[in-house]
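Throughout, residue positions are numbered sequentially from 1 according to the sequence presented. Everything quoted here is computed from the prediction, not taken from an experiment.
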Amino acid sequence: ILANKIEEKLKDNPNQIELIKKLAQLKFFSLDIEGALNIFEMGRKIDSSDIDLLIGEANTRLILEKENLSKKTIDLFNEILIKRPDNITALLVLADHNFYLKNYNSSKSYYKKLLGLIDENSLEYKSIKKKLEEIKKNK
């Protein structure tokens, strides 16, 4: 019902970025992932520099595409890193993507940066350490 109210408001004034963000997040959290992606994309056509919309679109695409990430999604995560160099999701996505493409130098630098940002006792930390060991073996 809330989504319908926001959509009505947007019909009157379709360039309200804050309302667009709310609607996209509402759709995302109600598991209308395709709908959320459409709204994030709509918002980015209005304001391509908005970091929240950029992150929202990238994360939504990540869920939809799973292991088969498109060039568009990879480009979005690269754009996020330019604006937010410590974005853990972007670093992890790009590290893993480069790892599976066997671009070991790139993946190694992303993984090393991640190690400085996440808790040493986390499962992710241990997983990244394993990947770095694999990279050493594959070089």
Hey, could you give me the [atom1]/[atom2] distance between [X] and [Y], rounded to the nearest 0.5 Å?
X	Y	atom1	atom2	result
Lys113	Asn87	NZ	CG	10.5 Å
Leu81	Leu94	CG	CG	5.5 Å
Asn59	Phe40	CG	CZ	8.0 Å
Leu123	Lys126	CG	NZ	6.0 Å
Phe28	Leu23	CZ	CG	14.0 Å
Ile51	Arg84	CD1	CZ	5.0 Å

Would you say [Y] ends up clustered with [X] if hydrophobic residues are merged whenever their side chains have heavy atoms under 4.5 Å apart, either directly or through other cluster members?
X	Y	result
Leu26	Leu64	no
Ile33	Phe29	yes
Leu117	Leu132	yes
Leu69	Leu37	no
Ile88	Leu76	yes

Do [X] and [Y] have side chains that get closer than 4.5 Å, going by heavy atoms?
X	Y	value
Asn138	Lys102	no
Lys83	Ser49	yes
Thr73	Phe77	yes
Ile128	Ile118	yes
Glu124	Leu114	no
Lys72	Asp75	no
Asn38	Met42	no
Thr89	Leu62	yes

Give a yes or no on whether [X] atom [atom1] has more than 12 heavy-atom contacts from other residues, nucleotides or ligands under 6.0 Å away.
X	atom1	answer
Arg44	CZ	yes
Lys71	NZ	no
Glu65	CD	yes
Lys112	NZ	no
Lys131	NZ	yes

Less than 4.0 angstrom from a charged side-chain N to a carboxylate O is my criterion; do [X] and [Y] meet it?
X	Y	result
Glu7	Lys27	yes
Arg61	Glu57	yes
Glu18	Lys21	yes

Dump the intermediate steps for salt bridge (Lys or Arg N to Asp or Glu O under 4.0 Å) on Lys11 and Glu8, then the final yes or no. CA-CA 5 Å; Lys11 281 181 188 165; Glu8 283 303 313; 3.2 Å; yes

Restricting to non-hydrogen atoms, name the atom on [X] and the atom on [Y] that form the minimum distance, rounded to 0.1 Å.
X	Y	answer
Pro14	Ile46	O-CD1, 3.3 Å
Ile80	Ala58	CD1-CB, 3.6 Å
Asn13	Gln16	CB-NE2, 3.2 Å
Asp119	Ser122	O-OG, 2.8 Å
Ile20	Ile39	O-CG2, 3.4 Å
Ile135	Ser107	CD1-OG, 3.3 Å

Applying ring pair (Phe, Tyr, Trp, His ring centres under 6.0 Å), name anything that partners Tyr104, two or more places apart in sequence or on another chain. Phe99

Go through the steps for Asp32 and Ser30 under the test side-chain hydrogen bond (donor to acceptor under 3.5 Å, both in side chains), then give the verdict. CA-CA 6 Å; Asp32 177 3; Ser30 64; 5.7 Å; no

When you look at Tyr111 and Asp96, which way does the side-chain hydrogen bond (donor to acceptor under 3.5 Å, both in side chains) test go after all the steps? CA-CA 9 Å; Tyr111 285 136; Asp96 285 346; 2.4 Å; yes

Asn98 vs Lys108, side-chain contact (heavy atoms from CB on, under 4.5 Å): CA-CA, chis, key distance, verdict: CA-CA 9 Å; Asn98 280 288; Lys108 182 178 171 184; over 6 Å; no

